[in-house]
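All figures in this text were calculated on a predicted structure; none of them were measured in a lab. Sequence positions, counted from 1, serve as the residue numbers for this chain.
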Amino acid sequence: MAKNKTNSLADLGGFVFSTNKDFEFDNNDGQHETLPNNEQRLEAHLDKKNRGGKIATVIKGFEGSDDDLKALAKKLKTLCGVGGSAKDGEIIIQGNFRDKVMDYLVKEGYKVKRVGG
């Protein structure tokens with residue numbers, strides 16, 4: 001019989017080991033409740049790092065479920081007519097659309113802060 005060899009931590013099946021007797025595993029996977037628009041504190045950035053010199057508008061600070069983040073990202077991408085992505089509480093819109101995105105978010109009731117030049 002050949003013994004199976006584990007090549008990564010993923011092969012272990014997601015087990016968590018802790019020596020802390022009071023440890024509680026939180027398995028939310030980013031599915032926490034989305035704050036209302038007027039309680040969201042978003043930041044609008046322009047970013048060129050690791051993008052081949054191209055500018056991207058980055059919205060940071062979204063607190064809520066991944067589904068709500070992706071829905072907002074889709075609205076913003078449609079508004080600007082460009083591509084982008086949404087993950088880890090950030091929305092990335094390709095191009096310099098910071099003012100347009102900020103205007104839309106303010107109209108929707110979000111509190112948006114302009115960050116950077």
Next on the checklist: Let me confirm one number: the CD-NZ distance from Glu43 to Lys60, rounded to the nearest 0.5 Å.
Outcome noted: 7.5 Å
Checklist outcome for this item: So CD of Gln40 and CD of Glu108: to nearest 0.5 Å the spacing works out to 12.5 Å
Checklist entry - Going only through I, L, V, M, F, W and Y residues with side-chain contacts under 4.5 Å, is there a path from Ile59 to Ile92? => result no
Checklist outcome for this item: Output for pair (Asn96 CG, Ile55 CD1), nearest 0.5 Å, gives 5.5 Å
Checklist entry - Should Phe62 and Val106 be regarded as members of a common hydrophobic cluster, given that ILVMFWY residues are connected when their side-chain heavy atoms come within less than 4.5 Å of each other, either directly or indirectly? => result yes
Item to check | Minimum heavy-atom distance Thr57-Gly95, with the two atoms named | outcome: OG1-O, 2.7 Å
Checklist entry - Got Leu72 and Ile91 here, is their nearest side-chain heavy-atom distance under 4.5 Å? => result yes
Checklist entry - Do Leu42 and Val58 belong to the same hydrophobic cluster, where Ile, Leu, Val, Met, Phe, Trp and Tyr are linked whenever their side-chain heavy atoms lie under 4.5 Å apart, directly or via other members? => result no
Next on the checklist: Given 3.5 Å as the limit, does a donor-acceptor pair link the side chain of Lys113 with the main chain of Arg41, or not?
Outcome noted: no
Next on the checklist: Is it the case that the side chain of Asp88 and the backbone of Glu90 share a donor-acceptor pair, with hydrogens and angles ignored and the cut-off at 3.5 Å?
Outcome noted: no
Checklist entry - Any side chain to side chain donor-acceptor pair (under 3.5 Å) pairs touching residues 68-77, not counting sequence neighbours? => result Thr34-Asp68, Ser65-Asp68
Next on the checklist: What's the separation between atom OH in Tyr104 and atom CG in Leu79, rounded to the nearest 0.5 Å?
Outcome noted: 7.0 Å
Checklist entry - If we only count heavy atoms from C-beta on, is the Met102 to Arg114 side-chain gap below 4.5 Å? => result yes
Checklist entry - Can you name the nearest heavy-atom pair linking Leu69 to Ala86, along with the distance? => result CG-CB, 3.9 Å
Checklist entry - Going hydrophobic residue to hydrophobic residue with side-chain gaps under 4.5 angstrom, can you get from Val101 over to Val82? => result yes
Checklist entry - Looking at Lys87 and Asp66, does any basic side-chain N land under 4.0 Å from a carboxylate oxygen? => result no
Next on the checklist: Donor-acceptor check, side chain of Arg98 to backbone of Val115, threshold 3.5 angstrom: yes or no?
Outcome noted: yes
